[in-house]
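What follows is a short report on a single structure.
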Amino acid sequence: MNATPLRPVIAIHGGAGTMSRDSAAAAQQAAYHDALRAVLLPPQQLLAAGGSALDAVTLAVELLEDCPLFNAGHGAVFTHDETHELDAAVMDGATLRAGAIACVSRVRRPVRAARAVMEDSDHVLFAGAGAEEFARRQGLEMVEPSYFSTEARREQLKRALGSDRAVLDHDGAALAFRTPAPPLEERGKMGTVGAVAFDAHGNVAAATSTGGMTNKQPGRIGDSPLIGAGTYADNATAAISCTGTGEMFIRLAAAYDICARMRYAGLPLDLAAELVVQEALPAIGGRGGLVAVDRHGNVSMPFNTEGMYRGYARVGEAAHTAIFR
Ligand code: ASP
């Protein structure tokens with residue numbers, strides 16, 4: 001752990017899960033590394049130019065939302081009713097201001113709507129029709145719900161419908177229909193996207209965006225838009241963005257719990273995050289991981305699955321991306 005301020009840094013995740021047994025998966029790894037790197041570079045440049053952590057995480061998540069490889073924005077999973085319901089949140093560690101939206105199906109970039117809730121309303125969380133109306137009034141780009149649909153996700157829903165359960169991101173995915181296969185096993189992968197950043201002014205911020213879980217019941221809201229569960233940022237401790245079985249992250253107030261362990265028990269970020277991801281979550285059946293950055297700029301990216309799409313880019317250094325341990 002480094003106690004002196006490090007250079008600004010952006011860290012991102014694109015979902016956690018188990019390794020694909022499909023041999024084509026190895027060949028696909030490069031595509032995921034390339035996508036992660038492409039997402040890291042613009043916010044890294046923004047931070048290098050003195051930009052804020054808040055702008056860096058918003059930009060990173062927007063780019064992840066636009067990339068169909070990840071379950072957020074375009075490429076989001078389907079609900080049981082073959083609709084899309086997207087959730088997103090953003091939090092500014094400098095002011096503890098936060099904004100979130102849940103259950104929207106027409107806002108092209110949900111993270112922008114979350115940011116607008118934070119900056120242009122007196123509230124923290126809008127859901128459903130009211131959230132969409134708010135986004136429209138803010139002049140945000142609206143799309144037909146079909147914009148979010150991809151064939152791969154439809155196949156995934158068909159498989160999940162047979163199981164009668166809500167499944168994590170690609171849980172119902174038909175690898176056979178996706179050629180070549182992605183490196184993380186679609187049936188065990190979480191797909192929320194998220195970002196945390198530490199800027200040159202010493203501020204931290206976090207943002208998270210998701211399509212939720214395939215075959216989820218309409219109206220179900222996960223941890224991603226709930227401040228303290230899937231997303232949290234406080235300059236006093238750290239910024240956190242989670243991915244995984246949302247219900248367990250909600251029950252533990254997982255993101256806030258990491259900050260609380262740091263603040264009240266004096267734990268360093270790495271240890272606080274490890275205890276939540278490797279002990280507290282598994283104890284109630286929670287699977288997934290997170291990216292975090294503390295107030296000194298230290299990055300932590302723990303997960304309790306076989307892999308997690310992740311990466312970070314510190315100003316002045318090459319970007320690092322990884323999928324497995
Ligand atoms: N945490 C998300 C949710 O429960 C799912 C995910 O990370 O894939 O909505």
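Remember, it's 1-based here, ligands and their atoms both numbered in the order they're listed. For reference, positions follow the sequence shown, starting with 1. What you see is a predicted model; the values in this text were computed from it and never measured.
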Do any nitrogen or oxygen atoms of Gly212 lie less than 3.5 angstrom from nitrogen or oxygen atoms of ligand 1? no

Backbone N or O of Gly212 within a donor-acceptor pair of the Arg220 side chain at under 3.5 Å? no

Distance under 4.0 Å to a non-hydrogen atom of Asp223: what atoms of ligand 1 satisfy this? 1 (N), 2 (C), 3 (C), 4 (O)

Ignoring hydrogens and angles, tell me if any N or O in the side chain of Ser52 forms a donor-acceptor pair with the backbone of Asp55 under 3.5 Å. yes

Assess Gly244 for proximity to ligand 1: is some non-hydrogen atom of it under 4.0 Å away? yes

With a 3.5 Å distance limit and no angle check, can you tell me whether Asn235 reaches the backbone of Val204 through a side-chain donor-acceptor pair? yes

Is the closest heavy-atom distance from Arg220 to ligand 1 below 4.0 Å? yes

Taking distance alone, with N or O pairs closer than 3.5 Å, would you say Thr192 contacts ligand 1? yes

For Phe303, does the six-membered ring have the charged nitrogen or CZ of Arg287 within the cation-pi criterion, i.e. under 6.0 angstrom from the centroid and within 45° of the normal? no

Atoms of ligand 1 close to Thr243 [distance to a heavy atom under 4.0 angstrom, numbered from 1]: 6 (C), 7 (O), 8 (O)

Has Asn215 got a side-chain atom pairing as donor or acceptor with Leu157's backbone, closer than 3.5 angstrom? no

